[in-house]
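Comments concern the structure below.
In the text below, chain A, chain B and the rest are named by the order of the sequence lines, each starting its count at 1.
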Protein chains: 2
Amino acid sequence: MLQLIRDGTAVTRADLARRTGLARSTVAQRVDALLAHKLVYEAGGSESTGGRPPTVLAFNHEAGVVLVADLGATHSRLAIADLASEPLAEVTQDLDIALGPEAVLDWVQDQFATLLRKIKRSVADVRGIGIGVPGPVAFGTGQPISPPIMPGWDGFSLPNWFATRYDVPVLVDNDVNLMALGEHWTNWRGIEHLLFVKVGTGIGSGIVAGGHIHRGAQGAAGDIGHIRLHQHEDVICRCGNIGCLEAVAGGRALAIRLTDAGIEASTSRDVADLVRAGNPTATQMVREAGRALGEVLAECVNFLNPSVIVIGGDLGQVHEQLLAGIREVTFRRSLPLATGELQTVASQLGDRAGVIGGAIMLIEHILSPAAIDAQIQQAGAAA
Amino acid sequence: MLQLIRDGTAVTRADLARRTGLARSTVAQRVDALLAHKLVYEAGGSESTGGRPPTVLAFNHEAGVVLVADLGATHSRLAIADLASEPLAEVTQDLDIALGPEAVLDWVQDQFATLLRKIKRSVADVRGIGIGVPGPVAFGTGQPISPPIMPGWDGFSLPNWFATRYDVPVLVDNDVNLMALGEHWTNWRGIEHLLFVKVGTGIGSGIVAGGHIHRGAQGAAGDIGHIRLHQHEDVICRCGNIGCLEAVAGGRALAIRLTDAGIEASTSRDVADLVRAGNPTATQMVREAGRALGEVLAECVNFLNPSVIVIGGDLGQVHEQLLAGIREVTFRRSLPLATGELQTVASQLGDRAGVIGGAIMLIEHILSPAAIDAQIQQAGAAA
DNA sequence: CCGTTTTGGTGGGGTGTCAAGCAAAAGCCT
DNA sequence: AGGCTTTTGCTTGACACCCCACCAAAACGG
């Protein structure tokens, strides 16, 4: 209940009373409960303003840790984060998700244990597990649904798999949704509507509408990679259609075209590296990809009317070129009203957006007012 | 609080206790408060199931009325509805919204008074006013924002205008949003994500995401009329761009093309009439418009992943032809996952969707738990 | 006609919140 | 330095709300 106040911007007991409108005595009682649960601690007094100096309360971000895995198509990143979503330990590795759930999750579980030892925390400190996967997910049950690039994962229940190893909540979501959540929570908290676009090997987007992730009916929302572009009827996409955005502006497509032009590149990161190194062909190509992306985003802006567009993913890291192309086309093709207040920016979390978003998803779940109430109830009943 | 239970599916005091999990005594107390406020009434007993027969409670939809105006570009519809959003009296008239707010609202106010007399209700029975306008609206303040087809309305505060005449809440929204709300609440209550598409003179859409209307940052969400189509580079839209959906598949565009072909038609309703009369050229044209619309909707489906698409507006009334074209293209261009459970249907409320949606918007506002609490508090304080 | 069942209504007990008052810890003034 | 003021933290009694238990009423069934 008072949890959010403590997370964010306040404060001391008296401040809490003023902000919430509750009586000071009530606040004191609630704070005591949180102190007893070690969710907050007293961080010493601060300077007085003429009277008794207040006791500053601080959220105890060391009260537990969350395990997060951002599983990509060919590359994965694991992290342990504290309750402030600050990564305490990380590991990344090339890993083909097509190996199937058992093989991948065995490795994940192994690495989690290693990371826990590294930061000298025990399994008892783990408060939850968050997994991001590169495909649609039924969020309620934590099962991937018909993911095109994850053979063997369809309908596999990740919470069930982890249930035998940890007794904590397990949340699974699409990786782009997690990135969107991470950026939104970290840098755009007050913004209601945000669109996060990941430009990596493929292209996908995560939608924040009304302050919450919009997942759609089948968890397939945000799939903009296969929207058809104009004047690209010659490009055939792996989905079978022609002129798809992903087949024109995706990292894989760019790498192939660079290779055709005699420049070695096989992944989206290679393309990004070439741009960073100043390769003119790659730079030109990324800028052109930005224009293609801009055409699609213009439609999304008209449709969704967000306040902010955040560009991330491997190619989002080379933001100058991509953003220039996007802004150029978006402003030309969208309605003035929708673009008037629109900001188009690069991801600030970079390649850690996924794991940070995963941590946030879990922390928000664990520290929701309802969950806190349940914890306190439970402890009270036990005593 | 128990309000929704009464609105929807329950019932009797004992049922309420079972459904809410509250004690029977608590339920009785709350019901008494609602009875005192005449928001519910006892509708006599029903048959017993072996014991004392229960007293059936019913929502008193005659406890007040709401005034609703669905202002179109050239045509307006006013209605008075009871608290079940059932229209009690209606009037429609051709009215150019470009006459400006004072002229239009004077007429609206005049008609409201006439309708009230007609159903023998007084101003004291009015619980709220809902207005739908054909353009973006800042919902919080009830002001149209830069509406392209409403000269003189930009920033005009409708709540302020009505405040001198009625002392009730005044809510203003985009007309398509109201239609979407009406269809959602009436026929698709349990559905979380719905897309309503109005095909009339122009083309617009209303988004229901997570059960609520998504208005976007500037109230401009759902504007799909100016998304660019493929292979229509020859068409110039009034917005200045080329190949806009509205310029290809909108009612005005079809009317112009029919006229060019020697068939008299000036409005979208003329086109719909021709189709209903079996005119082959018009039928063919509407079906082709459906295909164009399908191209755009395929992208929207991929992006938003709704469960239902509802087609309304003047041309939505001739649904067979339009739907056939839409379904044909949507299923071809969207991802299988997103279309697997997707239903595409015609509006069931027809041209009354706007006023019914407006009534629902108001009723939901007036009968929200918070509002009910406030009413009871207020009455308690007065006594 | 009496027990059973289901419902509606009433009173006692418990929990949580509010309001008021008191103690503590500073700053400020003389 | 000492008293006053201010601000904060904490305790106590009162009130409101909700639950539990009991009782009355109204039907059905044997």
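A search for ring pair (Phe, Tyr, Trp, His ring centres under 6.0 Å) contacts involving A:His193 returns B:His214, not counting sequence neighbours. Annotation: side chain to side chain donor-acceptor pair (under 3.5 Å) contacts of B:Ser25 (sequence neighbours excluded): none. For B:Asn174, the side chain to side chain contact (heavy atoms under 4.5 Å, CB included) criterion is met by B:Val176, B:Asn177, not counting sequence neighbours. Scored by the salt bridge (Lys or Arg N to Asp or Glu O under 4.0 Å) test, B:Arg24 finds no partners at all (sequence neighbours excluded).
In terms of phosphate contacts, A:Arg18 brings no side-chain nitrogen or oxygen within less than 4.0 Å of OP1 or OP2 of D:dT7.
Looking at B:Glu62 and B:Arg121, no side-chain N of the basic residue comes within less than 4.0 Å of a carboxylate O on the acidic one, giving no salt bridge. Between B:Arg189 and B:Glu183 no salt bridge is recorded (no basic side-chain N to carboxylate O distance below 4.0 Å).
Rounded to an integer number of Å, the gap from B:Leu57 CG to C:dT7 P is 13 Å. Here D:dG13 presents its P atom at 16 Å from CD of A:Gln29, a figure rounded to the nearest Å.
In the helix from C:dC1-D:dG30 to C:dT30-D:dA1, the terminal helix axes, each the rotation mapping four pairs' C1' atoms onto the next four within five end pairs, subtend 10°, rounded to 10°.
Other residues, nucleotides and ligands contribute over 12 non-hydrogen atoms within 6.0 Å of the CG atom of B:Asp32.
A distance of 5.0 Å separates CG in A:Leu67 from CZ in A:Phe112, rounded to the nearest 0.5 Å.
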Between the protein and nucleotides 8-10 of chain C, are there any N/O to N/O pairs under 3.5 Å, and if so, what are the atom names and distances?
from, atom 1, to, atom 2, distance (Å)
C:dG8, OP1, B:Thr55, N, 3.2
C:dG8, OP2, B:Ala14, N, 3.2
C:dG8, O4', B:Arg52, NH1, 3.3
C:dG8, O4', B:Arg52, NH2, 3.2
C:dG8, O6, B:Arg24, NH2, 3.1
C:dG9, OP2, B:Arg13, NE, 3.3

